[in-house]
Asks: 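Got a structure for you, questions after.
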Amino acid sequence: MLTLRSIEPQSIPKISEVDLLVIGGGTAGAIAGIAGGREGLNTLVVEQLGFLGGTQTGALVTPMMPNQIDREPLNGGIDMEINRRLNAIHESGVWKDGNQGWFNPETLKHTLEQMVLESGAKLLYYTMFEDAVIEDGAVAGAVVLNKAGRGFISAKRTIDASGDGDVASRAGVMVERGDPETGRNQPFSVRFHLGNVDLKRFAEYLRSLGKHDVMDTAEGSDVMLIHTAMVWGKGWTLEPVFRKAVSDGVLQEHDGDYFQVFTMAGRPGELAFNCPRIRENVDGTNPDHLTLAQIRGREIIQRYVAFCRRYLPGCEQAYLVMSAPMVGVRESRRIQGEYYLTTDEVLGGAKFTDAILRNCYPLDVHRDPQDKRNGVIKLPPGEYHEVPYRCLVPVGVEGLLVAGRCFSASFEAQSSVRIQSNCRAMGEAAAVASAMSLRSGISLRRVDGVELRAELKRRGARL
Ligand SMILES: Cc1cc2nc3c(=O)[nH]c(=O)nc-3n(C[C@H](O)[C@H](O)[C@H](O)COP(=O)(O)OP(=O)(O)OC[C@H]3O[C@@H](n4cnc5c(N)ncnc54)[C@H](O)[C@@H]3O)c2cc1C
């Protein structure tokens, strides 16, 4: 029997019938689309915005954090293919220690789109997932909403790459959210870009202060590398400048809680800001919170722009290129999966026979200033842990996998694994697992994780 969890099915026209439906064309979902298409599956990626990349391109999170040991990346496969493709056209830079993922978000949008289309997968933009369609205990597709109204997409397999576990949650999968000790989510950020910056003068100024990463060119490319930050009380040499700006009334005290700036490949004269940070009302599944974040974020950005122009040499003529169309959400729902990755397993370097990715990025919780627990905890030098396939398989429902930051893990384990290369790896693994389950006529739960691992390895994963 066909049932919708909350909508009368009769009135909804079937608009598409696919093997693989990917909800969300973000960091994980775009890669799931590429991998699904390459597997020969009739694949459709549904995305609420008009472009791919999600947090990477929409929330302007342009630096990919390194996941590597002795300069050797732990991720391979499509993640590495994309980085190489962008490196080859100088649209991503090789940063410190060989990290390849510092990209121009506009070029990434285009590259992902081309790769999805080249794979044979299809795209449906400006379309929002609304509800899961359940048939005999399995997700059999989704109801979506767009300008044409509601439509039903029937799918043999569905990947929830919404970042927020929207499909899993509507399908009745149990979810967790936030820090179990405080009940709070990690903060949001509303990022922005500043243009018409004289990067050379800015770099000279920062060098004269000390304690900043400034190099004339990033490794193997012509990108000027600048990274600086300011957090009250952490010894950043920009602190006296911030103090002066607060006393002049240009900034407010909390504007100095977290300020971080990078350059990007392919965008000379621009700076990308990993701020402002929003700490209150930070449930990424609450539309009121998201709305408030954009409003407040834009207010603070106006102050930062004024600050940069007045106090930072090289930024006198700078202008606001854009504020991020998407709020940067670090974590929201985490599904209950067949395996729950714990904090101890991350720090202890746990290994699994059904591993789909390897990670050595530290625990990285952006704690409130009053929370004195350590936010960043590294794995032992040279150590990595693995994430098993079972973390993508939701408990209690068939036909569905998740990929991306909403996978099954503790709050702190998620803070480590959520980086972009790992989300991409989850997207690829979920699509390959979907193809294996369809080829063998078995459920996603029954896909042999050891075989999946071998398949991923054949496709270039470093496992
Ligand atoms: C501020 C911030 C800074 C970060 N810094 C770094 C960093 O420096 N380096 C790093 O590697 N990682 C960083 N991360 C982490 C990393 O960027 C994210 O964890 C990762 O990109 C999330 O990928 P995802 O695929 O799970 O979600 P997303 O990339 O957000 O993709 C979800 C997609 O689903 C779409 N969608 C959502 N709901 C629906 C729906 N109902 N219907 C249709 N479409 C929908 C969205 O529009 C989006 O395209 C940062 C994250 C944030 C927020």
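Everything numeric here is computed off the predicted structure, so don't read it as measured data. Ligands are counted one by one from 1 in listed order, and the atoms in each one are counted from 1 as well.
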Asks: For residues L400 and A168, report the shortest heavy-atom separation together with the two atoms involved.
Replies: CD2-CA, 3.7 Å
Asks: With atoms numbered from 1 as shown, which atoms in ligand 1 lie under 4.0 angstrom from a non-hydrogen atom of G404?
Replies: 26 (O)
Asks: Using distance alone, determine whether Q48 and ligand 1 share an N or O pair under 3.5 Å.
Replies: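 So ligand 1 has an N or O lying under 3.5 Å from an N or O of Q48.
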Asks: Return the OG1 to CG distance between T111 and N104, rounded to the nearest 0.5 Å.
Replies: 9.0 Å
Asks: Heavy atom of R191 under 4.0 Å from ligand 1?
Replies: yes
Asks: In Å, rounded to the nearest 0.5 Å, how long is the span from CE of M174 to CD of Q336?
Replies: 5.5 Å
Asks: My understanding is that we take every heavy atom of each candidate and find the minimum distance to atom 26 (O) of ligand 1. Doing that for R424, H366, R170, R405, which one comes out nearest?
Replies: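 Of the listed residues, R405 has the closest heavy atom.
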Asks: Note the single closest protein heavy atom to atom 32 (C) of ligand 1, along with its residue, its atom name and the distance in Å.
Replies: A161 O, 3.3 Å
Asks: Determine the minimum heavy-atom distance between A140 and E135, stating which atoms define it.
Replies: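 Looks like CB-OE1, 3.4 Å.
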Asks: Enumerate the atoms of ligand 1 whose separation from the nearest heavy atom of M64 is less than 4.0 angstrom.
Replies: 9 (N), 11 (O)
Asks: Hey, is ligand 1 close enough to Q420 that some N/O pair sits below 3.5 Å?
Replies: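 Among all N and O atoms of Q420, at least one is under 3.5 Å from an N or O of ligand 1.
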Asks: Return the CE to CD1 distance between M115 and I78, rounded to the nearest 0.5 Å.
Replies: 6.0 Å
Asks: To check your reading of the model: name the closest protein heavy atom to atom 30 (O) of ligand 1, its residue, and the distance in Å.
Replies: T55 OG1, 2.6 Å
Asks: Using heavy atoms and a threshold below 4.0 Å, how should the contact between A28 and ligand 1 be classified: side chain, backbone, both, or neither?
Replies: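 Contact part for A28 vs ligand 1: both backbone and side chain.
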Asks: Below 4.0 angstrom from a heavy atom of T127, which ligand 1 atoms are there? Numbered from 1 as shown, please.
Replies: 43 (C)
Asks: Name all pairs fulfilling the salt bridge (charged side-chain N to carboxylate O under 4.0 Å, His left out) condition that reach into residues 410-420, sequence neighbours left out, sorted by first residue then second.
Replies: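 Counting only pairs at least two positions apart or across chains, the salt bridge (charged side-chain N to carboxylate O under 4.0 Å, His left out) contacts touching residues 410-420 are D364-R418, R367-E412.
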Asks: Relative to Y258, does R277 satisfy both conditions: NZ or CZ under 6.0 angstrom from the six-membered ring centre, and within 45 degrees of the ring's axis?
Replies: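 R277 over Y258 ring: yes.
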Asks: Would D164 count as a contact of ligand 1 if the rule is a heavy atom under 4.0 Å away?
Replies: no
Asks: Return the closest protein heavy atom for atom 35 (C) of ligand 1 as residue, atom name and distance.
Replies: E47 OE1, 3.3 Å
Asks: So V190 and Q294, side chain to side chain contact (heavy atoms under 4.5 Å, CB included) or not? Walk me through it.
Replies: CA-CA 7 Å; V190 181; Q294 283 289 11; 3.7 Å; yes
Asks: For E280, what residues pass the side chain to side chain contact (heavy atoms under 4.5 Å, CB included) criterion, not counting sequence neighbours?
Replies: R184
Asks: Quick one: does N422 get within less than 4.0 Å of ligand 1, heavy atoms only?
Replies: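 It does not, in that no heavy atom of N422 comes within the 4.0 Å cut-off of ligand 1.
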Asks: Among all protein non-hydrogen atoms, which one is nearest to atom 31 (O) of ligand 1, and what is the separation to 0.1 Å?
Replies: G26 CA, 3.3 Å
Asks: As an exercise, identify every atom of ligand 1 less than 4.0 angstrom from a heavy atom of R418.
Replies: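 Under 4.0 Å from R418, ligand 1 has these atoms: 14 (N), 15 (C), 16 (C), 18 (C), 19 (O), 20 (C), 50 (C), 51 (C).
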Asks: Could you tell me, atom by atom, which parts of ligand 1 come under 4.0 Å of a heavy atom of G328?
Replies: 53 (C)
Asks: How close do P287 and T291 get, heavy atom to heavy atom, and via which atoms?
Replies: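 Shortest heavy-atom contact: O-OG1, 2.7 Å.
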Asks: Looking at atom 41 (N) of ligand 1, what's its closest protein heavy atom, distance included?
Replies: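 Atom 41 (N) of ligand 1 sits closest to the protein heavy atom D166 OD2, 3.0 Å.
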Asks: For atom 29 (O) of ligand 1, what is the closest protein heavy atom, and at what distance to 0.1 Å?
Replies: T27 OG1, 2.6 Å
Asks: How far does CD1 of I300 sit from CG of L251, to the nearest 0.5 angstrom?
Replies: 10.5 Å
Asks: If you count the atoms of ligand 1 from 1 in the order shown, which ones are under 4.0 Å from a heavy atom of G54?
Replies: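 Those of ligand 1 that fall under 4.0 Å from G54 are 29 (O), 48 (C), 49 (O).
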Asks: Can you find an N/O atom of L49 closer than 3.5 Å to an N/O atom of ligand 1?
Replies: no
Asks: With a cut-off of under 6.0 Å to the ring centre and 45° to the axis, is K14 in cation-pi contact with F152?
Replies: no
Asks: Is it the side chain (CB and beyond), the backbone, both or neither of V329 that lies under 4.0 Å from ligand 1, heavy atoms counted?
Replies: backbone
Asks: Check step by step if side chain to side chain contact (heavy atoms under 4.5 Å, CB included) holds for N281 and N286.
Replies: CA-CA 9 Å; N281 302 314; N286 182 325; over 6 Å; no
Asks: Quick check: closest heavy atoms across S119 and V116, and the distance to 0.1 Å?
Replies: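 Shortest heavy-atom separation between S119 and V116 comes out as OG-O, 2.6 Å.
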Asks: Taking the non-hydrogen atoms of P63, is any one of them nearer than 4.0 angstrom to ligand 1?
Replies: yes
Asks: Please round to the nearest 0.5 Å and tell me the distance separating atom OG of S323 and atom CD of E299.
Replies: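 Output value for this atom pair is 12.5 Å.
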Asks: Quick check on contacts: which atoms of ligand 1 are under 4.0 angstrom from a heavy atom of S189?
Replies: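 Counting from 1, the qualifying ligand atoms are 1 (C).
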Asks: What is the nearest protein non-hydrogen atom to atom 1 (C) of ligand 1, stated with its residue, atom name and distance?
Replies: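 The answer is R330 NH2, 3.3 Å.
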Asks: Please say whether M65 places an N or O atom under 3.5 Å from an N or O atom belonging to ligand 1.
Replies: yes
Asks: For atom 6 (C) of ligand 1, find the nearest protein heavy atom and state the residue, atom name and distance (0.1 Å precision).
Replies: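 Going by distance alone, atom 6 (C) of ligand 1 is nearest to V61 CG1, 3.3 Å.
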